[in-house]
Amino acid sequence: MLNYDLPLYRPPSEAENLILQVTLGCSFNRCSFCSMYRDKSYELRPLPVLIDEIAKAAQLDPDLRRVFLADGDALGAPTPYLLKILEQLKRSFPKLQRVSSYAWPLNILKKSRSELSDLSQAGLKLVYVGIETGDDVLLRIIKKGAHAKMHGEAMTQARDVGIKVSATVILGLGGREYWKQHVEGTTRLINETPPNYLSTLQLGLADNVVDEFQQRFKGMFVWQDDDGMLLEQREILKALRPSKPVIFRSNHASNALALAGVLPKDQERLVAEVDAVRAGLKPKRPKWMRGY
Ligand code: SF4
């Protein structure tokens, strides 16, 4: 329907929604584990082109309710540009309920509270934030460009103005050497500044970033196997005591085990499900059914 500049990525939960490619690439584009936009330069797509695409989409489905703004961090775009797009979406889709996007945490922090509030009022209702880990040592190694406190501040600032936050953590990110501090830092961050949604995925690396990723560990990176990643999953779930309910999912195709629940209410059941798989009482998702 629309002309996309490939590759195009979106969160699993946006599969049924309109993907509007307002920017190309990622404004940061340096995380050592991420290969998604290595071949793209960050740029804004021209407003007249986007307005035309919105009109075409509205002709096909005027009752559309949800839109995802691609690519990697649409929030890197200037606020007036984003407001024009959000206003156009609102005009074109009378039943619109939610606009969402990925957001590099620093791009949230670069916006003032009043800018974030304007975006929320204009329809931006959800941001997907890759926090990856709450451990500052690991965040530096993987070149995330932010430390844990900044991730916490970004999530809080978004939530304060009515933008929900969906945070992602990568199991296995620290390998066998750093897994304990990965778990400790991550649970601390989530407990102190809970997102609305939390999901975990298992580390996977595209061929073109494997060397760079491992070099950052000074050649000491040892992969966690499924059991190690499930142990990380278990320890994270067990230690989470968020002050507000967090909807938890591990439904990403990379995971050995798909889980769903609300924390802290379902904590015991979720831990028991992980234990059952680790004890061999329930099967893991076969490797051939996984993807990244
Ligand atoms: S901020 Fe996100 S999209 Fe950009 S390089 Fe890092 S992980 Fe990839």
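The first residue of the sequence shown is numbered 1, and numbering continues consecutively from there. Model, not experiment: these values are computed from the prediction. Atoms within each ligand, like the ligands themselves, are counted from 1 in listed order.
Applying the 4.5 Å side-chain rule to ILVMFWY residues, one finds F28, W104, L109, M150 in the same cluster as L106.
Every protein residue with a heavy atom nearer than 4.0 Å to ligand 1 is included here: C26, N29, R30, C31, F33, C34, M36, Y37, W104, K144.
Counted by atom type alone, N255 and Q233 present zero donor-acceptor pairs between their side chains at under 3.5 Å.
Residues forming a ring-ring contact (aromatic ring centres under 6.0 Å, His included) with F33 (at least two apart in sequence, or on another chain): none.
The aromatic rings of F213 and F217 lie tilted to each other, with the angle between the two planes from 30° to 60°.
Counting only residues at least two apart or in different chains, side chain to side chain donor-acceptor pair (under 3.5 Å) contacts with residues 168-180 are absent.
With Y102 as the fixed residue, the ring-ring contact (aromatic ring centres under 6.0 Å, His included) test singles out one of F68, Y9, Y37: F68.
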